[in-house]
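All values derive from a computational prediction rather than experimental measurement.
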Amino acid sequence: MLKGLFITFEGGENTGKSTQIQLLYKYLVALDYSVIVTREPGGTSGAESIRQNLLHNSSANWSHLSELLLFYTARNDLIEKVISPALEANKIVLCDRFFDSSHAYQNVLKKEYAYLFENLDRSIIRRLPDRSYFFHMTHEQWLERQKVNKHPDFFEQKSFADHEKILMTFHERAKAYNTRCRIIDATLDIEIIRNILIKDIEFFLHDKPLAKAIKY
């Protein structure tokens, strides 16, 4: 049996992923589990530096290939320094985005480098998530949420046509890998989504010998 519990949260911007990660974190901590919350790109000092460059600097700084490799550089650092050690210690890892996001964003928008993904995944990803939640909404619903976003970052500024492809790719990928993935209707009430996630994750909590938090 694989050690620890690795849960990832995927989907377009403003679909409620971050809110649900925090709610699930609070639920698991209340049960005394040892939980790590992290994100992509980011989660280590080196990966956070890459994140700042990617999300808040001009896209003109990087070629498409350089951008793709920066994402995987950040991912490798996060896996080596945070995710793998936590899982080896039987902890729960909640990660805001993982490799499914790269397939949705970089692969869809830069088809000429699609051949790299399989090799990069094989070289860097040591373990697939136990569960990946895909927060889904239609393109029209996503556009409505974007209207209140006053400070979009680099990826949120991508064209509406690109985002339509991205959202569609997330949905298709979730259906293709349905033993690992669960599609979450991101338009549901926050508490309803929270309860859906808790009910789904309870299977893993009973099935795995997970680490409990140390109390002093």
Side-chain angles (χ1 to χ4, degrees), residues 5-29 35-43 51 54-55 71 74-75 78 83 92-109 121 125 128-205:
L5 180 60
F6 186 20
I7 308 293
T8 59
F9 297 74
E10 303 282 8
E13 291 79 17
N14 300 310
T15 53
K17 295 183 287 80
S18 298
T19 296
Q20 292 301 328
I21 289 172
Q22 290 305 314
L23 290 174
L24 186 57
Y25 171 78
K26 292 177 181 178
Y27 170 78
L28 294 169
V29 168
V35 188
I36 301 294
V37 175
T38 190
R39 65 179 181 177
E40 279 210 349
R51 180 186 182 89
L54 285 168
L55 270 63
F71 270 102
R75 177 166 301 133
L78 179 63
I83 295 176
I92 299 173
V93 176
L94 307 179
C95 191
D96 189 345
R97 298 197 181 282
F98 196 54
F99 78 123
D100 291 302
S101 281
S102 288
H103 283 265
Y105 282 83
Q106 281 73 48
N107 197 13
V108 167
L109 302 181
D121 287 344
I125 296 173
L128 291 175
D130 294 284
R131 176 73 81 230
S132 297
Y133 295 116
F134 285 64
F135 286 69
H136 177 71
M137 60 176 56
T138 66
H139 188 232
E140 291 73 25
Q141 291 166 333
W142 178 82
L143 289 177
E144 283 300 311
R145 290 202 181 181
Q146 274 298 96
K147 291 179 180 178
V148 300
N149 187 7
K150 304 300 183 183
H151 303 286
D153 62 32
F154 167 61
F155 291 101
E156 292 168 336
Q157 294 173 27
K158 291 185 181 297
S159 73
F160 291 153
D162 284 341
H163 268 290
E164 186 171 22
K165 295 176 185 176
I166 290 166
L167 295 173
M168 184 182 301
T169 302
F170 271 126
H171 190 68
E172 292 173 349
R173 191 167 174 82
K175 291 194 296 184
Y177 299 98
N178 56 24
T179 57
R180 170 173 64 87
C181 305
R182 293 291 181 271
I183 297 174
I184 304 296
D185 182 352
T187 65
L188 293 173
D189 181 79
I190 290 175
E191 282 300 312
I192 292 176
I193 296 176
R194 173 184 178 272
N195 291 333
I196 290 172
L197 299 186
I198 288 173
K199 184 176 181 180
D200 183 66
I201 207 172
E202 282 179 346
F203 164 78
F204 296 103
L205 299 181

What is the minimum heavy-atom distance between [X] and [Y], and which atoms define it?
X: Tyr105; Y: Arg97; result: OH-NH2, 3.5 Å
X: Glu40; Y: Leu78; result: CG-CD2, 3.7 Å
X: Leu55; Y: Pro41; result: CD1-CG, 4.3 Å
X: Asp96; Y: Ser18; result: OD2-OG, 3.1 Å

Exercise. For side-chain contact (heavy atoms from CB on, under 4.5 Å), just list the numbers for Leu167 and His171, CA-CA rounded to whole Å, side-chain angles, deciding distance to a tenth of an Å, and then say yes or no.
Key: CA-CA 6 Å; Leu167 295 173; His171 190 68; over 6 Å; no
Would you say the side chain of [Y] lies within less than 4.5 Å of the side chain of [X], judging by non-hydrogen atoms?
X: Leu128; Y: Tyr177; answer: no
X: Thr19; Y: Ile193; answer: no
X: Gln20; Y: Ile190; answer: yes
X: Ile92; Y: Ile201; answer: no

Self-check item: Aromatic ring proximity Phe6/Phe98, centre distance under 6.0 Å
Solution: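 Judged by ring-centre distance (under 6.0 Å), Phe6 and Phe98 do meet the cut-off.
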Quiz item: Should the ring pair Phe134 and Phe170 be called parallel, tilted or perpendicular, given that the plane angle runs from 0 to 90° and is split at 30 and 60?
Solution: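 Taking Phe170 first and then Phe134, their aromatic rings stand perpendicular (interplane angle over 60°).
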Self-check item: Atom CD1 of Ile198 with >12 non-hydrogen neighbours under 6.0 angstrom
Solution: yes
Practice problem: State whether the number of non-hydrogen atoms from other residues, nucleotides or ligands found under 6.0 Å of Tyr25 atom OH is greater than 12. | Solution: no
Quiz prompt | Candidate list Arg75, Arg131, Arg173, test salt bridge (charged side-chain N to carboxylate O under 4.0 Å, His left out), partner Asp100, passing option | solution = Arg173
Distance, nearest 0.5 Å, that separates [atom1] of [X] from [atom2] of [Y]:
X: Asp130; Y: Phe203; atom1: CG; atom2: CZ; answer: 9.5 Å
X: Ile125; Y: Ile83; atom1: CD1; atom2: CD1; answer: 9.0 Å
X: Ile21; Y: Phe9; atom1: CD1; atom2: CZ; answer: 5.0 Å
X: Asp189; Y: Asn195; atom1: CG; atom2: CG; answer: 9.0 Å
X: Leu197; Y: Leu94; atom1: CG; atom2: CG; answer: 10.0 Å
X: Asp185; Y: Met137; atom1: CG; atom2: CE; answer: 8.0 Å

Practice problem: With sequence neighbours excluded, tell me which residues meet salt bridge (charged side-chain N to carboxylate O under 4.0 Å, His left out) with Glu191. | Solution: Arg194
Self-check item: Set of residues satisfying ring-ring contact (aromatic ring centres under 6.0 Å, His included) with respect to Phe135, sequence neighbours excluded
Solution: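 So Phe135 forms no ring-ring contact (aromatic ring centres under 6.0 Å, His included) with any residue.
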Self-check item: Passing candidate, side-chain hydrogen bond (donor to acceptor under 3.5 Å, both in side chains) with Ser132, options Arg182, Glu10, Arg180
Solution: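 The option that passes is Arg180.
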Practice problem: Could you walk me through whether Leu205 and Leu28 pass the side-chain contact (heavy atoms from CB on, under 4.5 Å) test, one step at a time? | Solution: CA-CA 9 Å; Leu205 299 181; Leu28 294 169; 3.9 Å; yes
Practice problem: Could you check Arg51 against Arg39 for side-chain contact (heavy atoms from CB on, under 4.5 Å), going step by step and ending with a plain yes or no? | Solution: CA-CA 10 Å; Arg51 180 186 182 89; Arg39 65 179 181 177; 3.3 Å; yes
Self-check item: side-chain contact (heavy atoms from CB on, under 4.5 Å) evaluation trace for Asn178 with Lys175
Solution: CA-CA 5 Å; Asn178 56 24; Lys175 291 194 296 184; 5.8 Å; no
